[in-house]
Amino acid sequence: MAVLVLGGAGYIGSHAVDQLISRGYDVVVVDNLGTGHRQSVHRDAKFYEGDIRDQGFLTHIFTNESIEGVFHFCAYSLVGESVQKPLAYFNNNVQGLQVLLEVMYEHQVEYIIFSSTAAVYGEPDSVPITEEDSKTPTSPYGESKLMMEKMMHWSHEAYGVKYAALRYFNVAGAKEDGTIGEDHRPETHLIPIVLQTALGQRDQITVFGDDYDTEDGSCIRDYLHVEDLIEAHILAYEYLQNDGEPGAFNLGSSQGYSVFEILEAARNVTQKEIKAIVGERRAGDPSKLVASSDKARQLLGWQPKHDNINDIIGSAWQWHYQHPNGYQEDMEG
Ligand code: UDP
């Protein structure tokens with residue numbers, strides 16, 4: 001039996017494939033390579049190129065492969081972009097999941113581990129945020145993920161789908177040996193942009209707003225190492241297989257850093273100046289997102305290993321420093 005990793009050529013998906021294979025799982029990967037990189041997929045994984053909204057394509061895979069469970073990473077995931085293009089987000093994210101759940105049901109595949117997001121909460125009432133807190137997304141991205149969680153909830157009620165919706169806070173870092181890492185085009189995430197500035201690929205970074213209701217005025221986020229994030233996925237999969245109750249789990253380090261604090265930490269790690277200017281707020285950004293991850297720690301036995309922001313930025317720096325052109329370089333080299 002194999003696990004099917006959807007979006008396995010993306011930043012987070014490729015780390016999941018890598019860890020699953022190193023733990024002895026048989027892995028089948030699907031990716032439409034819209035944003036993913038074929039080179040990032042572990043060579044021992046079986047790869048199919050295609051889109052999960054294509055029901056015929058997905059049916060073909062579930063018919064040909066012996067799939068026991070699904071890890072679902074393929075979705076659009078940019079808060080700012082989603083405000084500009086809401087319908088593209090509902091189409092890719094919500095419709096993609098609807099097709100997937102239908103095909104899973106037809107093939108009696110019960111387990112799904114799903115990337116959700118802190119963006120389902122919107123502007124939180126208080127931090128740290130627990131799973132029960134109110135959910136009023138401030139972006140179509142967050143709204144699409146909340147809809148997807150509800151689709152899984154009702155599919156659980158009706159068809160017995162066993163799901164874990166893992167609400168990621170901010171994911172960063174790279175595999176320890178620097179062989180896989182983050183390479184988005186265009187890049188929009190804070191830590192890679194800061195590190196590209198340290199490499200001299202950008203002149204400066206723009207801090208999106210310094211007038212938020214936080215100590216230094218910039219947004220606060222909870223940064224988590226990608227390897228710890230994937231560990232939680234595998235624990236969640238085992239938890240469901242051991243009859244654990246389906247539901248949502250926050251994944252974060254439970255510690256918040258402002259944009260200015262991330263800049264300062266990156267200057268320390270890289271020993272580079274990293275010029276920053278202050279710009280406008282970015283649409284859809286809540287001021288402060290920090291997780292309570294007690295539920296994941298208690299029920300899944302999850303214990304993040306990288307609880308220091310310098311470690312997280314350091315592993316991302318190693319990747320960027322060794323691969324200044326991301327996967328492009330590997331193709332040309
Ligand atoms: N951010 C910023 N400048 C940038 C990119 C991001 O100030 O060039 C801020 C952004 O407003 C947010 C935080 O950094 O408060 C993290 O943003 P990112 O896009 O990395 O992740 P998100 O929180 O959207 O998932």
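One-based numbering, in listed order, for ligands and for the atoms of each. FYI, side chains are in, hydrogens and waters are out, and symmetry mates aren't considered; it's all heavy atoms of this structure.
A distance-only check finds a donor-acceptor pair linking the side chain of Thr214 to the backbone of Ser218 [under 3.5 Å]. Formation of a donor-acceptor pair under 3.5 Å by the Asn250 side chain with backbone atoms of Ala291 is not found in this model.
A search for side-chain hydrogen bond (donor to acceptor under 3.5 Å, both in side chains) contacts involving Asp243 returns nothing, not counting sequence neighbours.
Atom numbering of ligand 1 starts at 1 in the shown order; those under 4.0 Å from a heavy atom of Val207 are 7 (O). Atom numbering of ligand 1 starts at 1 in the shown order; those under 4.0 Å from a heavy atom of Ile193 are 8 (O). Proximity to Thr206 (heavy-atom distance under 4.0 Å) selects the following atoms of ligand 1: 2 (C), 3 (N), 4 (C), 7 (O), 8 (O). Shown in contact with Cys219 at under 4.0 Å from a heavy atom are these atoms of ligand 1, numbered in order with element: 15 (O). Numbered from 1 in the order shown, with element, the atoms of ligand 1 that lie under 4.0 Å from a heavy atom of Asn170 read 16 (C), 21 (O), 22 (P), 23 (O), 25 (O). Within ligand 1, counting atoms from 1 as listed, the ones closer than 4.0 Å to a heavy atom of Thr188 are 5 (C), 19 (O).
Of the protein's non-hydrogen atoms, Leu190 N, 2.8 Å is the one closest to atom 20 (O) of ligand 1. Nearest protein heavy-atom contact of atom 11 (O) of ligand 1 is Asp285 OD2, 2.6 Å.
Proximity annotation for atom 17 (O) of ligand 1: of Arg282, Arg202, Arg221, Arg282 comes nearest, heavy atoms only. Of the listed options Tyr223, Tyr257, Phe169, Phe208, Tyr223 places a heavy atom closest to atom 13 (C) of ligand 1. Nearest-heavy-atom check against atom 9 (C) of ligand 1 across Val259, Val278, Leu289 picks out Val259.
Put simply, the side chain of His15 does not reach to within 4.5 Å of the side chain of His42, judged on heavy atoms.
Across all non-hydrogen atoms, the minimal contact from Arg221 to Cys219 is NH1-CB, 3.8 Å.
When each of Tyr168, Trp302, Phe114 is paired with His233, the ring-ring contact (aromatic ring centres under 6.0 Å, His included) condition holds for Tyr168 and for no other.
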What side-chain donor-acceptor pairs closer than 3.5 Å can you find for residues 76-87, not counting sequence neighbours?
from, atom 1, to, atom 2, distance (Å)
Glu81, OE1, Tyr89, OH, 2.5
Ser82, OG, Val79, O, 2.7
Ser82, OG, Tyr141, N, 3.0

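For His323 and Tyr327, the distance between ring centers is not under 6.0 angstrom.
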